[in-house]
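Just the heavy atoms: all of them, side chains too, but no hydrogens, waters or symmetry mates, feed the values below. Quick note on labels: first sequence line is chain A, next is B, and so on, each numbered from 1.
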2 protein chains.
Amino acid sequence: MDIQNPAVDLVLQSALLWSGMIKKADLQLSVHGISFSEFCILHRLFQAPQHRLSRIELASAVGLSASGVTRLLQPLEKMLLVEKEQNARDARVSLVKLSDSGQQIYQDAHQTFGFFANQFMSPLTSRQQDTLAELLARL
Amino acid sequence: MDIQNPAVDLVLQSALLWSGMIKKADLQLSVHGISFSEFCILHRLFQAPQHRLSRIELASAVGLSASGVTRLLQPLEKMLLVEKEQNARDARVSLVKLSDSGQQIYQDAHQTFGFFANQFMSPLTSRQQDTLAELLARL
DNA sequence: ACAATATACTTGCGCAATCAAGCATTGATC
DNA sequence: GATCAATGCTTGATTGCGCAAGTATATTGT
């Protein structure tokens, strides 16, 4: 038979929870024409100095592969939400900058997402949310 | 500018954490020839009464769509880890049963996964893990 | 009894993301 | 200063999964 392992259940429970969360977030964000992944990109760019990051910094910030970032950025460039820039010091890196309209879209989407996140977390008191954040930060 | 919303950061932090966790788990489980999703399937089947579930029960248990389950099960059937059975009461449902060799594979994989899960959770005391589980259960 | 609706899948198509391979550039070593 | 490895990125092929549509069976209403 099988020995119960609480860590296993915890991990599986979490995976289920967050996959569902992402689906719900995607739905909410779709009114802005962006996906959850795209929102993550915009979020990281927005909080970066000068709203500018290299593609690999972006990749590790959002937990994607380099090629994933390349492909995610293509539609965003066409929508003119981000711009491609060169790095004078190193011709290999191509910087991504959040455009003015990108900032606008981000801020709109942030409001939607913030509302969603608050609602999602509403079963917890803000003290419990702090505890949760602290526990997750150790992993 | 932008008002900091702690719930937003908490949600994004979590999404990043769990996407990374799934990648690591996939890597560990690959020695058994199965993916994380497949392990979830086997896990749910194993703990089901008679190791038997319908496909939609399975789908909701692992957070996938019906078609996702259909496709995930195809290789598992070919590997003879699961078997297709009919429900006498309702000819629409096709039950999935964990085979004997499926149980064997599952138990091997469970050991690997249990080790991984413990390691993953090891930055937290078991008391903290309980707290985490309790907080997540409310979401 | 017979339509109309709902349920349990399966299949075709498409999108998102990965890996492996390739290209361009930079840095390190001899 | 030429070579060789490392880095940053892009592209081609593949996988995983979802959605919409289709099929088969069940249920409900009349």
Side-chain angles (χ1 to χ4, degrees), chain A residues 15-16 18-30 33-42 44-45 52-79 82-97, chain B residues 15-16 18-27 29-30 33-42 45 52-79 82-97:
Chain A
L16 189 55
W18 294 111
S19 91
M21 188 280 294
I22 288 173
K23 280 167 199 164
K24 286 179 196 167
D26 258 318
L27 192 60
Q28 298 293 315
L29 287 168
S30 66
I34 63 176
S35 68
F36 178 73
S37 293
E38 287 168 332
F39 177 74
C40 291
I41 294 271
L42 298 182
R44 294 299 178 181
L45 283 176
R52 192 178 312 183
L53 283 176
S54 84
R55 281 153 138 79
I56 47 154
E57 289 171 320
L58 207 41
S60 74
V62 300
L64 273 128
S65 67
S67 55
V69 167
T70 294
R71 289 195 225 275
L72 256 185
L73 286 177
Q74 282 165 1
L76 296 179
E77 282 168 14
K78 284 194 184 139
M79 288 192 269
V82 304
E83 292 158 6
K84 199 181 255 189
E85 291 188 355
Q86 289 213 323
N87 182 336
R89 299 287 180 90
D90 189 335
R92 289 170 303 181
V93 328
S94 90
L95 298 171
V96 189
K97 184 177 181 189
Chain B
L16 189 54
W18 295 110
S19 92
M21 187 280 294
I22 288 173
K23 281 168 196 160
K24 288 178 195 166
D26 259 319
L27 192 59
L29 288 169
S30 66
I34 62 174
S35 68
F36 176 73
S37 292
E38 287 167 334
F39 176 75
C40 290
I41 294 270
L42 297 183
L45 282 176
R52 191 179 310 181
L53 282 176
S54 83
R55 283 151 137 83
I56 46 156
E57 287 170 323
L58 208 40
S60 74
V62 301
L64 277 141
S65 66
S67 55
V69 167
T70 294
R71 287 192 230 277
L72 259 184
L73 287 177
Q74 281 165 2
L76 296 180
E77 281 169 16
K78 283 193 184 141
M79 290 190 268
V82 303
E83 292 159 4
K84 198 181 255 191
E85 292 188 354
Q86 290 213 323
N87 183 335
R89 299 290 180 88
D90 188 335
R92 290 171 303 179
V93 327
S94 88
L95 297 172
V96 189
K97 184 179 182 186

Could you give the [atom1]-to-[atom2] distance, from [X] to [N], as a whole number of Å?
X	N	atom1	atom2	answer
Gln74(B)	dC9(C)	CD	C1'	12 Å
Leu53(B)	dC9(C)	CG	C1'	15 Å
Arg92(B)	dT25(D)	CZ	P	11 Å
Ile22(A)	dG16(D)	CD1	C1'	15 Å
Glu77(A)	dC9(D)	CD	P	12 Å
Lys84(B)	dT10(C)	NZ	C1'	9 Å
Leu95(A)	dT10(D)	CG	P	12 Å
Arg89(A)	dT26(C)	CZ	C1'	14 Å

Neighbour count above 12 (heavy atom, 6.0 Å) for Glu85(B) CD
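Result for CD/Glu85(B): enclosed.
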
Could you tell me whether Glu77(B) and Arg55(B) have a side-chain N and a carboxylate O separated by less than 4.0 Å?
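A salt bridge links Glu77(B) with Arg55(B).
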
Would a 4.5 Å heavy-atom cut-off, applied to side chains only, mark Val93(A) and Asp90(A) as touching?
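Yes, side chains in contact.
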
Kindly state which residues belonging to residues 60-67 of chain B come within less than 4.0 angstrom of DNA chain C, counting heavy atoms of the residue only, listed by number.
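Heavy-atom cutoff 4.0 Å gives Ala66(B), Ser67(B).
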
Could you tell me the separation between the NZ atom of Lys24(A) and the CD1 atom of Ile22(A), rounded to the nearest 0.5 Å?
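Nearest 0.5 Å value for the NZ-CD1 distance: 12.0 Å.
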
Using only atom types and a distance under 3.5 Å, with no angle test, would you say the side chain of Lys78(B) pairs donor to acceptor with the backbone of Leu73(B)?
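Not a single qualifying donor-acceptor pair exists.
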
Does Ala25(A) offer a backbone N or O that forms a donor-acceptor pair with the side chain of Gln28(A) under 3.5 Å?
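Checking the backbone N and O of Ala25(A) against the side chain of Gln28(A), no donor-acceptor pair under 3.5 Å is found.
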
May I ask you to evaluate whether [X] reaches the phosphate of [N], defined as a side-chain N or O under 4.0 Å from OP1 or OP2?
X	N	result
Thr70(B)	dC9(C)	no
Arg55(A)	dT10(D)	yes
Lys23(B)	dG16(D)	no

Nearest atoms (heavy-atom pairs only) where [X] meets [Y]:
X	Y	answer
Ile41(A)	Val62(A)	N-CG1, 4.0 Å
Met79(B)	Gly33(B)	CE-O, 4.4 Å
Phe36(B)	Asp26(B)	N-OD1, 2.7 Å

Under 4.0 angstrom, heavy atoms only, what part of the nucleic acid is Gly68(B) near: base, sugar-phosphate, or nothing?
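It contacts sugar-phosphate atoms only.
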
Please write out the pairs of protein N or O atoms and N or O atoms of nucleotides 13-16 of chain C separated by less than 3.5 Å, giving the distance to one decimal.
from    : atom 1 : to       : atom 2 : distance (Å)
dC13(C) : N4     : Arg71(B) : NH2    : 3.4

